[in-house]
Structure formats: C-alpha cells, structure tokens
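Order of listing sets the numbers, starting from 1, for every ligand and every atom in it. Sequential numbering from 1 along the given sequence is applied to the chain's residues. A quick note: this is a predicted structure, and the numbers were derived from the prediction, not measured.
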Amino acid sequence: MPSVVRESTGPNGHTPPRAGSGCVPATRTGEGSLDVRADFPIFARRFDGRPLIYLDSGATSQKPAVVIDTVGEHLRAHNANVHRGVYALAREADAAYDGARRRVAELVGTEPRTTIFTKNVTEAINLVAYAWGRSNVGPGDAVLITQLEHHANIVPWQMLCRERGAMLRYLAVDARGELSLEQLDAELARGDVRLVAFSHVSNVLGTIVPVAEMTARIRAAGAVSLVDGAQAVPHMPVDVGALGADFYAWTGHKALGPTGIGVLHGRAELLEGMEPFMTGGDMIASVDFQSATWNELPYKFEAGTPPIAEAVGLGAAVEYLSALGMDRVRAHERALTAYMLERLAEVPGLRVVGPPEAERRGGLASFTIEGIHPHDIAELADRGGVCIRAGHHCAQPLMRRLGVGATARASVGVYNEPSDIDALVDALLAGREVFGLKP
Ligand SMILES: Cc1ncc(COP(=O)(O)O)c(C=O)c1O
C-alpha cells in the first residue's frame, strides 16, 4: 500500500443529473473497491496547501455533487410547499418530495407508506418513545436497551421510564464489544419487557449487532423492537423487512444526504395504532372546534411543512448509493477497515476497542494511545491534515463500561482510500515523537 498521501483529484467535471433523473456515480473500479472521490467537490479544497483527508464520516458524511446540485436545483426551479397546492409548480414539489420517499423506502426494501421523514434519527427515536411508548409502557414494565447505545437511544427511554414508572435495563457489552443473545433471552424471559431498542452498528465499537437474531427473539417474547441504523444504512445493505425490526430509524446526513432529514420505518399495524407525535398542519384529516382526526400514513407523523429540499437531497443521495451498490460500498469499506486495523497496530501503545475482525464491524475504529489524551490524538492527526473525532461520541455509559473517558475515532466512507489511512498512521507516529514517546 502507498505510504504517501495521494493528491485528491478534485471534481472531475461530473455533470450532475437533474432532480428525478439517474444519479450515476462518476467512476467505478474493480470488484470490492470504489474510486468516487472525484464526485465529492469538497475534496478539491486545500488546507495550508494540503488535501482534505476526511476520516470522520461517523459524525457526518461528505456530499456528492449530485446531492448538492439536486438541492440547489429543487430550490431554484421546483420550490413550492407540498400537499396543498393545485398549480403545476406545487405538483412538481409534491412529485419531488414523494419521489424521494419512494427512493428512500426502496433502498431498505420497504414501503413509502410506512416511511416517515423526521429531522434526524434522534427525532425518529423520540417519535417512537412518545407516540408508542407513552401509550404502551406503564408501571411494572421494562424497556431494554444496550450498553453500546448513542445518547439518542438512551435518553428518550430514560425519560419514558421515569414518566411511566417503568424500569430501564441494559444488555451488557462483553470484552470483545459484543452483546449476548443468552442475556437477551434471560431478560425477555422475565416477561416484563415491552420494547428493546438497540443499534445496528455501534458508533464507538463498530460492532455489527445480530439484528435478525435479536428481533426474532423479541417478537417471540411479545415485545417490540427499535433499531438505530444511523451507522448501518450508509455503509451496508439493509433490508428492514428481512431484519424483522418493528421500528428502524436512521439519519440522512451520515448517508451522503443533507442535514435536517431523518427516517423512521415502522410496521404498519403499530404506526396505525399510534397517536401522533406532534400536531399541526399536514398530519390532519379534519379539525373541529374541540377535536381533530388524523391524516393517513405516513403524513400522520409529519406535522407542519416538512424538510422538502432536504428530503429531495436525501432522495438523490440514496439513488447515488444504490447506483454504487450497497454490496460494493460494504466491500470497499470492509477492506479499508481491515487495512486500518492492520496499520493502526503498528502504532506503539495504541489500543482499538471493539471486535478485532473487520467483518464483525462497520467502517470505523475507536482507539486510545497510552500517554496521549484522545483530544491530543485528534489534534496531532489534524497537524498531519487528517480529520478524526475525539471525545465520548455521545456514548458516555459505554465509555464508563470501557473504563475510558474518551477515545479517538477514525471512520470511513465511500470516498476514502488506503492512502488516507497511511496519512493517519504517519501523523500518529509523528505525534508520538512530539509527546516524547519512544518509537
Ligand atoms: C448510532 C447513532 N445513533 C444516533 C446518532 C444521532 O444522529 P443524529 O444527530 O443525526 O440524530 C448518531 C450520530 O452520531 C449515531 O452514531
């Protein structure tokens, strides 16, 4: 593998298609590796003359030109409010918004009717905690989550349990960063669990959680499952139906889409039986002086003017990902992750948390280096021109379980190349010298 940072090629003159047409990635290489960096205009930037080396896709992804231009084109030429105008421009806006929902549902093998647009995955989880949780969880019940959750999949359940007099219990993370199906069985056997909420892929450990095995057990026990797919949908094939999740939530900005748009997929019977989360325009069928009735799915859960341009941008993003092929995205990122694990092992004192095998994890590695604080690690990486994240990654209970205050985290996306990992490792090795640590 090359040990020098390869110059970013920058935009390749790729002409983005207009909204609604095919979003074909500019370049493709052989099986298992992608060469699409030229589709992402941000990589034309220089920082003190150096290219952008972005290893923070776990926080948010960079955006291909087709997404940026589709959003711009929508605002320039197709902008109107949705589901209320009878004129031609409004019909175009309706078609763009509804078309985006269709594409998003297709990406994960589900139906537009049960695909709800939210602001982000955090709002999607809160929607379930409020609209399902407040009517289905009561005193003596339990909600089960895991020690590897992001705060977005902890705090809504803490609030629900506190308000409803229910108990919040946790599945433990073992030394490899994995969950135990035996513990899940034991918890479910207690007979009080109403809902189990867990991540598909941990944003800290990288662990790929065995979703289908878990949802089968949860369904058999008469409980409901919610899966936080924020770190899964952008990186691997996801089929919500095959996974058997009752609720599956994810966030657009990590999946090459704009910020301000998230997605909740839900089982139709559950969504139909739920009260609305928020109320106001668009989620209404009729309003009288004292009462109101609700619109049909999915609009019942989309109060007020929705994030229209953001949804249209997400539609372009999923079309771009679909054209790449999620199998190829996963193969590319798995190979990069394997290479990252191999190269990080060359840094003395560096410890990666989570499963040691690349096939057991998503495209990220969180690590500590003996003698250097994680924030200093990120700072040293920045001196080498490499963007990584440091901190608790909104997973403070997991940090406590791991016995660390923070970690550094490098995470990959479709646009990364092995030379990015080389640049990170070079920066870390140089950084050890800055800290006076032995080579
Ligand atoms: C696993 C996981 N869940 C939830 C979130 C929250 O995402 P958002 O801020 O887009 O709602 C993140 C983002 O960091 C995440 O990694």
Which of Asp192, Ile145, Val196 passes side-chain contact (heavy atoms from CB on, under 4.5 Å) with Arg169? It is Asp192

**Asked** Are the side chain of Thr114 and the backbone of His265 linked by a donor-acceptor contact shorter than 3.5 Å?
**Response** no

query = Side chains of His83 and Asp98: do they bring a donor and an acceptor to under 3.5 Å?
reply = yes

Task: Short N-O contact, Arg113 and Glu272, less than 4.0 angstrom - done: yes

Pick out the protein N or O atoms lying less than 3.5 Å from any N or O of ligand 1, and list each pair with its distance.
unit_1   : atom_1 : unit_2 : atom_2 : d
ligand 1 : 3 (N)  : Asp228 : OD1    : 3.4
ligand 1 : 3 (N)  : Asp228 : OD2    : 2.6
ligand 1 : 10 (O) : Thr251 : OG1    : 2.7
ligand 1 : 10 (O) : His253 : NE2    : 2.8
ligand 1 : 11 (O) : Val121 : N      : 3.4
ligand 1 : 11 (O) : Thr122 : N      : 3.0
ligand 1 : 11 (O) : Thr122 : OG1    : 2.5
ligand 1 : 14 (O) : His150 : NE2    : 3.3
ligand 1 : 14 (O) : Lys254 : NZ     : 2.7
ligand 1 : 16 (O) : Gln231 : NE2    : 2.7

Paired with Phe367, the side-chain contact (heavy atoms from CB on, under 4.5 Å) test is passed by just one of Thr407, Val347, Leu341, Leu428, namely Leu428

Worksheet item: Can the ring centroids of Phe117 and Tyr97 be said to lie less than 6.0 angstrom from one another?
Response: yes

